[in-house]
Amino acid sequence: MNYWLFKTEPMEFSIDDLAKKPAKTEHWDGVRNYQARNFMRDEMKVGDKAFFYHSNCEEPGIVGIVTVASKAYPDHTAFDKKDKHFDPKSDPDKPRWMMVDVKMARKLKRTISLKELKERSALTGMRLVQRGNRLSVMPVEKKHWDIILKIE
DNA sequence: GCCAACGTTGGC
DNA sequence: GCCAACGTTGGC
């Protein structure tokens, strides 16, 4: 079992949007970063757990927990000229970008803000709080996962 | 293969 | 809206 974190801008797609989807499940399209793609493609397994993180908003932070509900498969939005994330270099016969499905597990009882995560000395090694981190999909160490759930 | 220019991310 | 950090692109 691996642990992850998915970043999203709540204006685009929030935890409440996910909760409204059929079976509370949605595909995680739009990842256009190789490192993030490789995590999904090579390391994610069905049943892995992940934090749902809101970025670029009033209070950036962790707002919920989701589970990985599928293996990685081609991100079809890369083939759609009208899509915001269209990539002419991704060929349907040789897709460049992948995605997984994520399923809502639950919302956290409260938002655990980025500010608070940064203040916890036990979490200083966490990728999310390190400087200049821009990955939208990243691994979370189990020890950090456990600490965060404890302070919920 | 180097690296400057450029675009994007995302906290603040 | 600003800007630092980072990834990607493309000229050479």
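These figures come from a predicted structure and were not determined experimentally. In the text below, chain A, chain B and the rest are named by the order of the sequence lines, each starting its count at 1.
- Remark: A/D42 engages no residue in a side chain to side chain donor-acceptor pair (under 3.5 Å) (not counting sequence neighbours).
- The aromatic rings of A/F52 and A/F13 sit tilted, their planes meeting at an angle between 30° and 60°.
- With sequence neighbours excluded, the residues forming a side chain to side chain donor-acceptor pair (under 3.5 Å) with A/T77 are A/R32, A/D75, listed by chain and number.
- Note: CD (A/E12) to P (B/dT8) measures 14 Å, nearest angstrom.
- With sequence neighbours excluded, no residue satisfies side chain to side chain donor-acceptor pair (under 3.5 Å) with A/K24.
- Among pairs with a residue in residues 49-72 of chain A, those fulfilling side chain to side chain donor-acceptor pair (under 3.5 Å) read A/E9-A/N56, at least two apart in sequence or across chains.
- Along DNA chain C, the nucleotide nearest A/G132 and the nucleotide nearest A/R96 are compared for position; the residue whose nucleotide lies closer to the 5' end is A/G132.
- The hydrophobic side chain of A/M11 is isolated, with no ILVMFWY side chain under 4.5 Å apart from it.
- Residues in residues 97-140 of chain A take part in these ring pair (Phe, Tyr, Trp, His ring centres under 6.0 Å) pairs, two or more places apart or across chains: A/Y34-A/W97.
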Name the pairs: protein N/O against N/O of nucleotides 4-6 of chain B, kept only if under 3.5 Å.
none

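- Within residues 27-42 of chain A, the residues that have a heavy atom under 4.0 Å from DNA chain C are, in order of number, A/Y34.
- Residues satisfying the side chain to side chain donor-acceptor pair (under 3.5 Å) test with A/R120, not counting sequence neighbours, are A/E116.
- Sequence neighbours left out, the pairs with a member in residues 107-145 of chain A that pass ring pair (Phe, Tyr, Trp, His ring centres under 6.0 Å) are A/Y3-A/W145, A/F51-A/W145.
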With 3.5 Å as the limit, what N/O pairs link the protein to nucleotides 9-12 of chain B?
| residue | atom | partner | partner atom | Å |
| --- | --- | --- | --- | --- |
| B/dG10 | OP1 | A/K7 | NZ | 2.6 |
| B/dG10 | OP1 | A/R134 | O | 3.1 |
| B/dG11 | OP1 | A/Y53 | OH | 2.8 |
| B/dG11 | OP2 | A/N56 | N | 2.9 |
| B/dC12 | OP1 | A/K118 | NZ | 3.3 |

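- The list of ring pair (Phe, Tyr, Trp, His ring centres under 6.0 Å) pairs with a residue in residues 100-120 of chain A, not counting sequence neighbours, is empty.
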